[in-house]
Protein chains: 2
Amino acid sequence: MRRDVFQAIADPTRRDILEMLAKEAMTPNGLAANFHTTRQAISKHIKILSECQLVTQEYSGREIYYYFNSKKLKEVDKWLQPFREMWDKRFDQLDTVLKNLKNKRS
Amino acid sequence: MRRDVFQAIADPTRRDILEMLAKEAMTPNGLAANFHTTRQAISKHIKILSECQLVTQEYSGREIYYYFNSKKLKEVDKWLQPFREMWDKRFDQLDTVLKNLKNKRS
DNA sequence: GTTTTTGGCAACCGTTCGGTTGCAAATATA
DNA sequence: TATATTTGCAACCGAACGGTTGCCAAAAAC
């Protein structure tokens, strides 16, 4: 079972969940109310997000509030970095991009 | 068949392929030589990358050179933007992030 | 104490995924 | 022309994915 951030954000529903949790911590039921699926389906998504630490939890009686953890998204940002330079700056080809990738591998 | 950039980069082999193509255009055989799988497996990955326009192709006789298209990765970058502000700047919580997400939805 | 609400867990189902093998088409080489 | 190389396509396989239903435990409400 591969479980990394890239795979976690591959699903559009999970991306929506992350966006909602970024605004405010929510319970599984609270989240599920915003989707056209069952609570269990959402719970499965939450479990995946938890496993790669994109969300954390906090118990409050019988309710569980899930919190978004932005730090883990850094991994994606980091991977994106060398490519970003390809469209960001004046050079729209290799050059420093190439160097960065080579350093990365060494 | 859902075929978007997020799903395309979910697979580690495909991310490796993109990094290689960012350095230089390559043929399926050339790419496959760098992996411990069959050429056909790599071809399948290339097909997926092609379908969401992360790579383009150019024929040269019987060979096909695949090129990396960085522009499509902007979609990921764009989605990441509001979250990036959560770890980049002084505020490590909502605020402008919240605003950005709300504008995005409207 | 009974009932309702919240939420996890397990089993199941159809589909997709990543991979392999086999084959055919097209180009290059002998 | 015969042969070898490059590549895509189709069929198949086991595993994972996304979803559902059913059930049970714990906390809250009555």
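Note that these values count all heavy atoms, side chains included, but never hydrogens, waters or copies made by symmetry. Proteins come first, then strands; the chains are lettered A, B, ... in the order of their sequence lines, and each starts at number 1.
Residues that satisfy the salt bridge (charged side-chain N to carboxylate O under 4.0 Å, His left out) test with Glu63(A), not counting sequence neighbours, are absent from this structure. When the side chain to side chain contact (heavy atoms under 4.5 Å, CB included) test is applied to Ala33(A), no partner is found at least two apart in sequence or on another chain. For Gln40(A), the side chain to side chain contact (heavy atoms under 4.5 Å, CB included) test picks out Thr38(A), with sequence neighbours left out.
Nucleotide dC17(C) holds its P atom 11 Å from the NE2 atom of His45(B), rounded to whole Å. Computed from coordinates, the Ile42(A) CD1 to dG19(D) P distance equals 7 Å when rounded to whole Å. In this structure, Asp11(B) atom CG and dA15(D) atom P are separated by 18 Å, rounded to whole Å. In this structure, Tyr59(A) atom OH and dT6(C) atom C1' are separated by 12 Å, rounded to whole Å. If you take CZ of Arg3(B) and C1' of dT16(C), they are 9 Å apart, rounded to a whole angstrom. Atom C1' of nucleotide dT5(C) and atom CD1 of Ile64(A) are separated by 13 Å, given to the nearest angstrom. Atom NZ in Lys44(B) sits roughly 10 Å away from atom P in dC17(C) (whole-Å rounding). Here dG8(C) presents its C1' atom at 18 Å from OH of Tyr65(A), a figure rounded to the nearest Å.
With the nearest nucleotide of DNA chain C identified for both Lys47(A) and Ile48(B), Lys47(A) has the one nearer the 5' end.
Not one side-chain nitrogen or oxygen of Ser43(B) sits closer than 4.0 Å to the OP1 or OP2 atom of dT7(D). For the OP1/OP2 pair of dT7(D) and a distance below 4.0 Å, the side-chain nitrogens and oxygens of Tyr66(B) include no atom meeting the criterion. Contact annotation: Gln7(A) side-chain N/O to dC17(C) OP1/OP2 distance is not under 4.0 Å.
Annotation: the span from Glu19(B) atom CD to Arg15(B) atom CZ amounts to 8.5 Å, rounded to 0.5 Å.
The stretch residues 25-36 of chain B comes close to DNA chain D through Thr27(B), Pro28(B), Asn29(B), each having a heavy atom under 4.0 Å from the strand.
Considering only heavy atoms from C-beta on, Ile17(B) stays 4.5 Å or farther from Met26(B) through its side chain.
End-to-end axis angle for the helix from dG1(C)-dC30(D) to dA30(C)-dT1(D), using five pairs per end and rounding to 10°, comes out at 10°.
Here the side chain of Arg14(B) pairs no donor or acceptor atom with the backbone of Leu49(B) at under 3.5 angstrom.
Here salt bridge (Lys or Arg N to Asp or Glu O under 4.0 Å) pairs that include residues 38-50 of chain A, with residues two or more places apart or in two chains, number zero. Pairs passing the ring pair (Phe, Tyr, Trp, His ring centres under 6.0 Å) check and including a residue from residues 47-73 of chain B, sequence neighbours excluded, read Phe83(A)-Phe68(B). Screening residues 3-47 of chain B for ring pair (Phe, Tyr, Trp, His ring centres under 6.0 Å) gives Phe6(B)-Trp79(B) as the qualifying pairs, with residues at least two apart or on separate chains.
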Whether each nucleotide of nucleotides 22-30 of chain C has a protein heavy atom under 4.0 Å at its base (B), only at its sugar-phosphate (S) or at neither (-) is summarised, 5' to 3', as B----BS--
Please report the C-alpha distance between Ile42(A) and Thr13(A) in whole Å, then the side-chain angles of each, then the deciding distance to 0.1 Å, and finally whether the side-chain contact (heavy atoms from CB on, under 4.5 Å) criterion is met.
CA-CA 8 Å; Ile42(A) 299 299; Thr13(A) 302; 4.2 Å; yes
**Prompt:** Going through the distances and angles, do Val55(B) and Asn69(B) end up as a side-chain contact (heavy atoms from CB on, under 4.5 Å)?
**Reply:** CA-CA 5 Å; Val55(B) 306; Asn69(B) 176 27; 6.0 Å; no
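Ile48(B) belongs to no multi-residue hydrophobic cluster, having no ILVMFWY side-chain contact under 4.5 Å with any other such residue.
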